[in-house]
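Reckoned from all heavy atoms, side chains included, excluding hydrogens, waters and symmetry mates.
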Protein chains: 2
Amino acid sequence: MPMGIQEIATVTGLSKSTVSRALRGMPTVADATIDQVRRVADELGYVPSSAAAGLATGRQRAVGVVVPVIDRWFYVRALGGIDAELRRAGYDLVLYNLGGPGGDRGRAFRRSMLRHRVDGLVLLSLVLDETERAELELTRHPMIVIGGPAPGLRNVGVDDLAVTETAIGHLAGLGHREVAYLGGQDEDGMNVAVPYLRRDGFADAMRVRGLDVREDRLLDGRFSFAGGVAAGADLFARDPTDRPTAVFCASDEMALGVLLAASRAGLSVPGDVSVMGIDGHEYGAVVGLTTVAQDPEAQGRAAARAVLAEVDGGSAGPLPAAPAELVVRTSTAAPRR
Amino acid sequence: MPMGIQEIATVTGLSKSTVSRALRGMPTVADATIDQVRRVADELGYVPSSAAAGLATGRQRAVGVVVPVIDRWFYVRALGGIDAELRRAGYDLVLYNLGGPGGDRGRAFRRSMLRHRVDGLVLLSLVLDETERAELELTRHPMIVIGGPAPGLRNVGVDDLAVTETAIGHLAGLGHREVAYLGGQDEDGMNVAVPYLRRDGFADAMRVRGLDVREDRLLDGRFSFAGGVAAGADLFARDPTDRPTAVFCASDEMALGVLLAASRAGLSVPGDVSVMGIDGHEYGAVVGLTTVAQDPEAQGRAAARAVLAEVDGGSAGPLPAAPAELVVRTSTAAPRR
DNA sequence: CTGAAAGCGCTAACAT
DNA sequence: ATGTTAGCGCTTTCAG
């Protein structure tokens, strides 16, 4: 019923092989033949079967993208970049979202991703345990991770230590000595690497400058807007004489929340307190948030290009760190006192 | 090299068919056999080929999701819902993003979606033209759209006319007579239905109450945060004595922008002006935005269930409208004068 | 430049 | 409960 290459062969009086070659525009086929075949295919409403092609060639022309959760700014942007590059290459994108209901991560891995449905995998900020790594290795697909560095896997992403150093450099340069850090774990605890790296980077950058890293100024904002609001509210409700002059947030989404908390607490930014984040979120640009901006979309494209190259038998050399750039806006200034 | 069902057949001394059945846990297979086969499969590091299975059965166990652009709140949430339901059913999700570079929409359709890689399609707020419809029909896959009603296709989504009526009912009930509308086209102009419906709904709801719909109070915010900020800035820069007492936004993202524009213009909300939106965006909850909330995730799940049912030969009856609910927070109040 | 034939790895009757 | 036999729709040597 759903007809294939065969019918168009009979109609044109050609052989299946020629039709197949013509459809793919192979150079060994006469131009006239190509035209004819394509025309007939159109008339007949021919729809190719990727399964059959995949079986025959061993290539699915699709790559999988694994995300811990789907609704985070960074992931969405990166996904856009990956998609763009894949589309350009004529590849489809299969999305594996681990954060679903129950987040039954293990099963998701085995049940679907291991089915050879894709030729390669891009993992977004995912830290795999030994078993998971081993299982994915079975497929022998090229894999690359965006975000946190993952042991044994190629990685695309910013240098988190450098990013935090840049941020604290900016704040310290402005004269801040009392700065709080807002970080914390992603709620599902799936991406431990980046949060830790940033917290450590913050602490290092502070200590290098002889500045205090106070336990009670290491806040948890779960990397979300609401978390930032809550943490900010908590911080600003404390003894005003002991208030930090700046709050450094490990993500713009949290920083946006802190901005709101500050305005609710009647504090002016940057008058009473400076606030900055990391990411380059669009909302930050309009509210004047100082940040260390990165380009997740570019990272997505780079990662996609890398897997695609590897799928095509290319080399698998290490990737350069993604650029990040200090963007000074109006949420940071020299402390008052 | 990449071994298959055959090797595990030889190792166990069983036939390919039995192995195939055992792997899928079919009831006609002895439990002991199932165990043995699974164990051997594990030991051998067997990875099934979805292409082969797909070719043999004609089912890919995957559904495609087409989005106009990926980075919109509504789409991301809906995608999450679709994914959850698909995963539950053991289906993979293939993402088709039309908004990529150049947004070469036509080619995207033909080149990929038509390859029988999926068993069904969920279209997010997409309005198809005749050619596109015809082309997609070729695949004979079940299709459903979320968001704007699309001629000839089943649809999941809120009743936009009812939603706007609810919103204006709330505002008018508070005593507002001068209300501005912030809508506009999505920048790519891909989803015309919803914006139009909401604008019409607004106008109807106003007229029904004998309220004026002024041309100069029909604003364009391109359905984005930045667009909302810009439109708000423009509106609040006009003659204060002629300022509307409320701004009704067709999406929360735009309303959030208007909130910011108001605070920048030194206006208090809801003191000087009331603001409300549509959607139920998380940020709105924390900033106190009144809205008519919908649940895109639930809509995604419903749509996924519907295609899946149809894929399984189920019926294709019409779907009920998705619920939407007025959520009154602190951004709306009775007008001052 | 085109054709014939042999699979790709799995599933599905149809036996047994 | 398990084995046999054909394919699924396309690609790919190998021959013309």
Side-chain angles (χ1 to χ4, degrees), chain A residues 1-38 40-41 44-62 90 112 114-119 138-140, chain B residues 1-38 40-41 44-62 90 112 114-119 138-140:
Chain A
M1 177 86 242
M3 45 73 89
I5 211 186
Q6 177 62 274
E7 351 282 59
I8 120 159
T10 20
V11 170
T12 56
L14 291 163
S15 71
K16 277 185 1 179
S17 351
T18 306
V19 171
S20 170
R21 291 191 273 249
L23 252 12
R24 284 172 299 156
M26 304 200 75
T28 79
V29 184
D31 288 5
T33 312
I34 294 194
D35 287 354
Q36 189 205 171
V37 167
R38 292 221 167 124
V40 173
L44 261 39
Y46 167 73
V47 177
S49 154
S50 61
L55 221 211
T57 60
R59 300 301 209 65
Q60 310 312 129
R61 294 198 75 81
S112 308
L114 259 31
R115 279 190 210 165
H116 278 169
R117 192 191 283 290
V118 297
D119 302 319
L138 280 182
T139 65
R140 303 167 145 293
Chain B
M1 174 89 240
M3 45 71 91
I5 211 185
Q6 178 62 273
E7 351 282 55
I8 119 159
T10 21
V11 170
T12 55
L14 292 163
S15 72
K16 278 186 357 178
S17 352
T18 306
V19 172
S20 170
R21 292 190 275 249
L23 253 12
R24 286 173 297 158
M26 305 200 72
T28 79
V29 183
D31 288 5
T33 313
I34 294 194
D35 287 354
Q36 186 204 12
V37 168
R38 292 220 168 125
V40 174
L44 261 38
Y46 166 74
V47 177
S49 154
S50 61
L55 222 211
T57 59
R59 301 302 209 68
Q60 311 310 130
R61 294 197 75 81
S112 307
L114 260 31
R115 279 193 211 160
H116 278 170
R117 192 190 282 293
V118 297
D119 302 319
L138 280 181
T139 65
R140 303 169 144 292

Colleague: Using whole Å, what does the distance between atom C1' of nucleotide D:dG9 and atom CD of A:Q60 come to?
Modeller: 14 Å
Colleague: To the closest 0.5 Å, what do you measure between OG1 (B:T10) and NZ (B:K16)?
Modeller: 10.5 Å
Colleague: Do B:Y46 and B:V40 make a side-chain contact, defined as non-hydrogen atoms from C-beta onward lying under 4.5 Å apart?
Modeller: no
Colleague: I need a per-nucleotide contact map over nucleotides 11-16 of chain C, read 5' to 3'. Cutoff is protein heavy atoms under 4.0 Å; write B for the base, S for backbone only, - otherwise.
Modeller: BBB---
Colleague: From D:dC10, D:dG3, C:dG9, pick the nucleotide closest to the side chain of B:L55?
Modeller: C:dG9
Colleague: Considering residues at least two apart in sequence or located in another chain, which fulfil the side-chain hydrogen bond (donor to acceptor under 3.5 Å, both in side chains) criterion with A:S20?
Modeller: A:R24
Colleague: Rounded to the nearest angstrom, tell me the gap between atom CD in A:Q6 and atom P in D:dG7.
Modeller: 13 Å
Colleague: Without decimals, in angstroms, what is the distance between B:L14 CG and D:dA1 C1'?
Modeller: 10 Å
Colleague: What distance do A:Q60 atom CD and B:R117 atom CZ have between them, rounded to the nearest 0.5 Å?
Modeller: 7.0 Å
Colleague: Could you check how far CZ of B:R115 sits from P of D:dT11, rounded to whole Å?
Modeller: 10 Å
Colleague: Could you list by number each residue of residues 27-34 of chain A showing a heavy-atom separation from DNA chain C of less than 4.0 Å, or answer none if no residue does?
Modeller: A:T28, A:V29, A:A30, A:T33
Colleague: Where the side chain of A:S49 is concerned, which of D:dG9, D:dT2, C:dT2 is the nearest nucleotide?
Modeller: D:dG9
Colleague: Send over the distance from B:L114 CG to D:dC10 P, rounded to a whole Å.
Modeller: 13 Å
Colleague: For A:M3 and D:dC8, what is the distance between atoms CE and C1' respectively, to the nearest whole Å?
Modeller: 16 Å
Colleague: Starting at CG of A:L23 and ending at C1' of D:dG9, how long is that distance when rounded to a whole Å?
Modeller: 12 Å
Colleague: Say you draw a straight line from OG1 of A:T18 to CE of A:M26; how long is it, rounded to the nearest 0.5 Å?
Modeller: 11.5 Å
Colleague: Distance check, rounded to the nearest 0.5 Å: A:R38 atom CZ versus A:I8 atom CD1?
Modeller: 10.0 Å
Colleague: Nearest 0.5 Å, please: how far is OG in A:S50 from NE2 in B:H116?
Modeller: 9.0 Å
Colleague: What is the distance from OH of A:Y46 to P of D:dC10, rounded to the nearest Å?
Modeller: 4 Å
Colleague: Just so I know, are the side chains of A:L14 and A:Q36 near enough to count as touching, which here means a heavy-atom distance under 4.5 Å?
Modeller: yes
Colleague: Say you draw a straight line from CD1 of A:I5 to OG of A:S17; how long is it, rounded to the nearest 0.5 Å?
Modeller: 8.0 Å
Colleague: Reckon B:T18 has a side-chain N or O less than 4.0 Å from the OP1 or OP2 of D:dT2?
Modeller: no
